[in-house]
Amino acid sequence: MENKSIIGFIGAGNMAYALIKGLLDNGFDAECINISDPNEELLNERQSELKVRTFSNNMALLSSSDIIIFAVKPQKLSSVCLELKENVKSNHLFVSIVAGIKGSDINRWLGGSFSLVRTMPNTPALFQHGVTGLFANELVNNEQKILVTSILSSVGECFWVNDEKLIDAITAISGSGPAYFFLLIQSMSQAAMALGLDEKTANSLSIQTSYGASLMASKSGKDAKTLRAEVTSPNGTTQAAIESFQDQNFEGIVASATRAAYDRARELSNELGEIE
Ligand SMILES: NC(=O)c1ccc[n+]([C@@H]2O[C@H](COP(=O)([O-])OP(=O)(O)OC[C@H]3O[C@@H](n4cnc5c(N)ncnc54)[C@H](OP(=O)(O)O)[C@@H]3O)[C@@H](O)[C@H]2O)c1
C-alpha cells in the first residue's frame with residue numbers, strides 16, 4: 001500500500017482498532033498512524049500493541065496528520081469538529097466512519113467546505129471480513145478516493161455510491177445486517193435445542209451452517225436463489241422448511257425490517273444534524 005500520508009484517527013475504540021489492525025496487517029507503516037482519545041489507559045494499550053503514535057489532544061493530532069478519520073460515537077462528533085474548526089487546513093482530507101451524520105453537517109461544524117468521505121463499515125471489520133459503503137463529496141479527487149479505498153479495504157470490501165442517501169440504505173443492509181444474521185443464528189440454536197440437541201452442539205451447528213452458506217454464496221459464482229433451489233429437493237425436508245418460512249411471509253418480514261432500519265437511519269441523521 002502507498003504509505004506517504006499520515007492518517008490520524010480521532011477515537012481509539014473498536015472500529016479504529018479494527019481499521020488500524022487491518023492497515024498494519026496490509027503492510028502500512030505504524031509510524032504513519034496517529035490516534036487520539038481522552039482515555040489514557042486505552043491509548044497506552046493501543047501504543048504498546050500497535051506501536052502507533054498517540055495523542056491525548058485532538059488538535060495536536062490534526063496538525064500532525066493529512067487524513068483525519070472520525071471514529072467517535074455519533075453524539076461526540078459535533079464537539080470534536082467544533083474543537084478542530086480553527087485549525088483545519090484546506091488540504092486535510094476527512095473520513096467519517098460515524099453512523100448517521102451527514103457530510104454537510106460535518107463540514108458545517110468544521111466551518112467550511114472540506115474534502116470529506118462518509119463511510120458505513122460493519123463489525124465483521126474486526127475480523128477483516130467487513131463491508132463498507134462510501135460516499136465522497138464533490139471536493140474529493142480520484143487520488144483521494146483511491147487512498148480511502150486502500151484504507152477501508154484493509155478490513156473488507158468497499159462499495160462507492162454516488163448519492164449520499166444510499167449510505168442510509170447501506171446502513172440498513174450491511175451496517176445493521178450482522179445483527180440480523182445473529183438473530184437467525186440465535187433462533188436456529190433455540191430451535192435446535194427444542195429438537196433435543198444440547199446447547200453447544202446447537203450453537204455450533206447454527207454458526208457453522210451460516211458460515212458455510214455465506215462461503216458458498218460468496219465463492220460458488222451462483223446466486224442465492226439458484227443455490228437454494230439446488231439444495232431444495234421436491235417434497236424434501238428443506239422444501240418443508242422454506243414453505244413454512246414463506247407461508248409466514250419471510251421475504252416481507254425482511255423487507256419491512258430493513259425499511260424500518262432505513263427510516264430510523266434517516267431520522268437519526270436529521271436529529272443528530274440539528275446540533276449547531
Ligand atoms: N462498531 C460498529 O459496528 C460500527 C459500524 C459502523 C460504524 N460505526 C461507527 O464507528 C464509530 C466508532 O464506533 P466504535 O464502536 O469504535 O466506538 P467506541 O469503541 O466507543 O470508540 C469511540 C472512542 O472515541 C473516544 N472518544 C470520545 N470522545 C472523544 C473525543 N472528544 N476525542 C477523541 N476520542 C473520543 C471514546 O472514549 P470514551 O469511551 O472515553 O468516550 C472511545 O474510546 C461510531 O460513530 C459508530 O457509529 C461503528
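Both ligands and their constituent atoms are indexed starting at 1 by order of listing.
Protein heavy atom closest to atom 15 (O) of ligand 1, with residue, atom name and distance, is Lys73 NZ, 3.7 Å. The closest protein non-hydrogen atom to atom 26 (N) of ligand 1 is Pro38 CD, 3.6 Å. In terms of protein heavy-atom proximity, atom 6 (C) of ligand 1 is closest to Pro121 O, 3.1 Å. For atom 44 (C) of ligand 1, the closest heavy atom belonging to the protein is Val72 O, 3.2 Å. The closest protein non-hydrogen atom to atom 21 (O) of ligand 1 is Gly13 CA, 3.2 Å. For atom 46 (C) of ligand 1, the closest heavy atom belonging to the protein is Ala99 N, 4.1 Å. Among protein heavy atoms, the minimum distance from atom 31 (N) of ligand 1 is reached at Val80 CG2, 3.5 Å. Distance from atom 32 (N) of ligand 1 to its nearest protein heavy atom, with residue and atom name: Asn58 ND2, 3.0 Å.
When only interatomic distances are considered, the shortest N/O to N/O separation between Asn14 and ligand 1 falls below 3.5 Å. For ligand 1, the polar-atom distance check against Glu83 finds no nitrogen or oxygen pair separated by under 3.5 Å.
Close contacts between ligand 1 and Ile10 involve ligand atoms 32 (N), 33 (C) [criterion: under 4.0 Å to a heavy atom]. Close approach of ligand 1 to Leu42 is summarised as follows: ligand atoms under 4.0 Å from at least one heavy atom of the residue are 43 (O). Residue-ligand proximity, Gly11 to ligand 1, at heavy-atom distances under 4.0 Å covers atoms 23 (C), 24 (O), 33 (C), 34 (N).
A cation-pi arrangement is found for Lys145 relative to Trp160, the charged atom lying closer than 6.0 Å to the ring centre and inside a 45° cone about the ring normal.
More than 12 non-hydrogen atoms from other residues, nucleotides or ligands lie less than 6.0 angstrom from CG of Asp163. Summarising the local packing, CD of Glu199 is surrounded by 12 or fewer heavy atoms from other residues, nucleotides or ligands at distances under 6.0 Å. Counting heavy-atom neighbours within 6.0 Å of Asp247 CG, excluding the residue itself, gives a total above 12.
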*asked:* Working note: Ile35 + Ile20, criterion side-chain contact (heavy atoms from CB on, under 4.5 Å); need CA distance, chi angles, decisive distance, verdict.
replied: CA-CA 10 Å; Ile35 52 172; Ile20 295 169; 3.3 Å; yes
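Between Arg108 and Asp105, at least one side-chain N (NZ, or NE/NH1/NH2) sits under 4.0 Å from a carboxylate O, which counts as a salt bridge. The pair Arg118-Glu164 meets the salt-bridge criterion, since a charged nitrogen lies less than 4.0 angstrom from a carboxylate oxygen.
With hydrogens and angles ignored, the 3.5 Å screen pairs no side-chain donor or acceptor of Thr201 with any backbone N or O of Leu197.
Side chains of Asn203 and Ser189: a donor on one and an acceptor on the other come within 3.5 Å.
The shell of residues lying under 4.0 angstrom from ligand 1, judged by heavy atoms, includes Pro74.
The presence of a protein heavy atom under 4.0 Å from atom 8 (N) of ligand 1 is confirmed. Remark: atom 39 (O) of ligand 1 lies closer than 4.0 Å to no protein heavy atom.
Between Phe94 and Phe114, the ring-plane angle classifies as perpendicular under the 30° and 60° cut-offs.
The option from Arg46, Met15, Glu41 that lies nearest to atom 4 (C) of ligand 1, judged by heavy atoms, is Met15.
A search for side chain to side chain contact (heavy atoms under 4.5 Å, CB included) contacts involving Thr226 returns Lys222, Asp223, Glu230, not counting sequence neighbours.
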